[in-house]
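What follows is one structure encoded as structure tokens, with my remarks underneath.
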Amino acid sequence: MARPTPLSGFPEFLPADRFAEQHVLDHLRRIFELHGFAPVETRAVETMDQLLRKGEIDKEVYVLRRLQAAEGEGDAGMGLHYDLTVPFARYVLENAGKLDFPFRRYQIQKVWRGERPQEGRFREFTQADIDVVAKDALPFHFDVEIATVMAEALSGLPVPPLRIQVNNRKLLEGFYRGLGVADTAAVMRAMDKIDKLSEEALRELLAKEGLDADQASKCLALAAIRTSDSSFAGEVRAIGVSDPLLDEGIEELAALVDALGEVRLDGVSVTADLRIARGLDYYTGTVFETELEGFEHLGSICSGGRYEKLADDGRNVYPGVGISLGVTRLLVPLVSRGHLTTSRSVPSAVLVALVDEESRPQSNAIAGRLRARGIPAEVAAAPQKFGKQIRYAERRGIPYVWFPAVGDTGEQVKDIRSGEQADADADTWTPPAEDLRPAVVTTFDTPFETRGATS
């Protein structure tokens, strides 16, 4: 085979880094399931009309087409899903009669987008979503719950500090209504560009939407409000704008921020940030974005919100609230910079030494006894001198070497890190729990820096 050409936008991890990714995925699954979320996996493809119904991502969809398709035959009417929300909405409609509502689901799966590859932007990547969807009506307390669950999940990850920024679209829409704005959605889309445009350019954009200088100033004053508690409410009201929907949005956002403030979150801070609008039009209430400290250029690595119409079959409406974590966007920059990996590139905790080829069945039997008790073990590849077999284990990060019985000497195990060696029985010996799996290794201070790969 000729030397392969690398494909950008399709990240692949080396084994030690893949263990770090698995640690993250295992932790997410554990937290989600502790809160009663059920796992779902949807097919990789959706129909084109389903994928394009939002109209915001048309150019990024990978379309399926047979290699031997006749000229002019076009695509197969299907494309790879670019997020997990669209397939989940279809899944809810198809299985509504079999689901118990409110339905709580988590989904960890690959998605594909035809983007220009760059740091934080990939053509193939893994997302982890949690959603609660109901039939006809979804109480607000689920907004609080979904935020709390994801915040708890994020706080247990071996990553730099994270900042969760929350807002409420009702607050924004009500504020713009109170200003007398005719097209509140247009102003919301304009204000969503606040981090990309200068103040002058943003004022010009607002002027095109019919806002005068005073209205624009009040919009900018609202967007400047950031608090770590519900004190934002007083700052909003001090601007002098009133509307019933604004009051409802303030009340919901205050409840959310106060609830998150009562949760112990290591390495995660929560801010009411009234800049946050989220670009997608289907958000109707709470909205979330999350930044990674030191990697703000990546944008939001975990975002979502409430949507009153996740799905609609013409008879019933299914509102939902959910958050999506970009696992690949979060991990690839950390791994590529050497900030995150694991202590070894193999799962083996023990290398069973090989005296000679004739004794391989004996070494295999020892490894089998260890595995039967949940201790990952492998047998040496060749009967080299024991010193070479120990160095082989060192290169692979395997902490223990097991020596079979020879002559009058019984079985022994050696911790090659400390050099300690002792008699041992494969039916009773157990290494420390932290040695059973590769340990996460980071170059930043996190609560889980020295933990093993499973929580």
Side-chain angles (χ1 to χ4, degrees), residues 32 37-38 40 42 46 49-58 81-96 99 101-107 109 111 127-151 164-174 176-177 184-189 191-192 245-246 248-249 251-253 255-256 273-274 276-290 300 302-326:
F32 297 161
F37 286 77
V40 162
T42 56
E46 297 293 333
D49 60 339
Q50 186 78 7
L51 289 170
L52 303 181
R53 64 191 177 98
K54 294 299 179 185
E56 295 190 8
I57 200 164
D58 297 10
H81 58 228
Y82 57 80
D83 73 357
L84 298 180
T85 301
V86 169
F88 179 54
R90 187 265 311 159
Y91 179 92
V92 168
L93 289 179
E94 288 189 1
N95 295 283
L99 301 177
F101 294 100
F103 178 54
R104 309 147 73 86
R105 85 78 159 91
Y106 77 87
Q107 189 169 349
Q109 205 169 334
V111 298
Q127 286 189 184
D129 286 23
I130 53 172
D131 286 84
V132 178
V133 60
K135 194 173 184 178
D136 299 327
L138 181 70
F140 171 73
H141 67 79
F142 285 111
D143 292 38
V144 176
E145 180 180 358
I146 209 88
T148 303
V149 173
M150 185 58 85
I164 300 177
Q165 302 154 321
V166 296
N167 199 0
N168 193 294
R169 294 282 281 257
K170 293 177 184 178
L171 187 158
L172 296 177
E173 185 177 349
Y176 302 144
R177 278 188 192 178
T184 59
V187 173
M188 209 175 297
R189 286 192 293 270
M191 291 302 298
D192 197 36
L245 188 62
L246 170 62
E248 186 178 342
E251 182 181 340
E252 288 187 355
L253 183 57
L256 177 63
D273 189 334
L274 304 197
I276 305 302
R278 300 295 299 150
L280 296 175
D281 290 338
Y282 55 72
Y283 291 123
T284 55
T286 304
V287 286
F288 313 88
E289 289 191 353
T290 308
S300 178
C302 181
S303 55
R306 168 178 277 258
Y307 24 82
E308 293 303 334
K309 278 191 177 183
L310 170 71
D312 184 349
D313 62 7
R315 299 185 307 276
N316 300 291
V317 175
Y318 299 89
V321 59
I323 310 182
S324 175
L325 170 62

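Bear in mind that the values here come from a model prediction, so they are computed numbers and not experimental data.
- A distance of 9.5 Å separates CG of Leu172 from OG1 of Thr184, quoted to the nearest 0.5 Å.
- Note that CZ of Phe288 is 8.5 Å distant from CD1 of Ile164, once rounded to the nearest 0.5 Å.
- Counting all heavy atoms, side chain and backbone alike, Arg306 lies closest to Pro139 at NH2-O, 3.1 Å.
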Test side chain to side chain contact (heavy atoms under 4.5 Å, CB included) applied to Thr42 and Phe88, step by step: CA-CA 7 Å; Thr42 56; Phe88 179 54; 5.6 Å; no

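- The heavy-atom pair separating Ala311 from Ala89 by the smallest distance is CB-O, 3.8 Å.
- Contact of the Ser324 side chain with the Asp83 side chain is not registered, since no non-hydrogen atoms from C-beta on lie closer than 4.5 Å.
- Between Asp136 and Asn316, some side-chain heavy-atom pair lies under the 4.5 Å cut-off.
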Criterion side chain to side chain contact (heavy atoms under 4.5 Å, CB included) on Thr286 and Val144, from CA distance to verdict: CA-CA 9 Å; Thr286 304; Val144 176; over 6 Å; no

CA sep, side-chain torsions, deciding dist, call: Asp273, Asn167, side chain to side chain contact (heavy atoms under 4.5 Å, CB included): CA-CA 6 Å; Asp273 189 334; Asn167 199 0; 6.0 Å; no

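- Ring centroids of Phe32 and Tyr106 are separated by less than 6.0 Å, placing the two rings close together.
- Note: Asn168 CG to Leu256 CG = 8.5 Å, rounded to the nearest 0.5 Å.
- Using a 4.5 Å cut-off on side-chain heavy atoms (C-beta onward), Lys170 and Glu252 make contact.
- Applying the side-chain hydrogen bond (donor to acceptor under 3.5 Å, both in side chains) criterion to Asp131, with sequence neighbours excluded, gives Arg105, Tyr307.
- Nearest heavy-atom pair across Leu99 and Val92 is CD1-CA, 4.3 Å.
- Other residues, nucleotides and ligands contribute only 12 or fewer heavy atoms inside 6.0 Å of the CD atom of Glu251.
- When every heavy atom of Val40 is checked against every heavy atom of Gln109, the shortest pair comes out as O-OE1, 4.5 Å.
- Glu145 and Phe37 get closest at one heavy-atom pair: OE2-CE1, 4.5 Å.
- Not counting sequence neighbours, Gln165 has no partner by the side-chain hydrogen bond (donor to acceptor under 3.5 Å, both in side chains) test.
- Between Asp192 and Arg189, no side-chain nitrogen of the basic residue sits less than 4.0 Å from a carboxylate oxygen of the acidic one, so the salt-bridge criterion is not met.
- Annotation: side chain of Ile276 is not in contact with side chain of Val166 (no heavy-atom distance under 4.5 Å).
- In this structure, the separation between OH on Tyr91 and CD on Glu46 is 12.5 Å, given to the nearest 0.5 Å.
- Taking all atoms of both residues into account, the shortest heavy-atom contact from Leu138 to Phe142 is CD1-CD1, 3.4 Å.
- Using a 4.5 Å cut-off on side-chain heavy atoms (C-beta onward), Leu246 and Arg177 make no contact.
- At least one side-chain heavy atom of Cys302 sits under 4.5 Å from a side-chain heavy atom of Met150.
- One distance of note links CD of Gln127 with CD of Gln107; it measures 9.5 Å at 0.5 Å rounding.
- With contacts defined as side-chain heavy-atom distances shorter than 4.5 Å, the pair Ile146/Ile130 qualifies.
- Using a 4.5 Å heavy-atom threshold, the side chains of Leu325 and Asp129 count as separate.
- In this pair, Phe103 and Phe101 present their aromatic rings perpendicular. The plane angle is above 60°, beyond the 30 to 60° band.
- In this structure, the separation between OH on Tyr283 and CZ on Arg169 is 9.0 Å, given to the nearest 0.5 Å.
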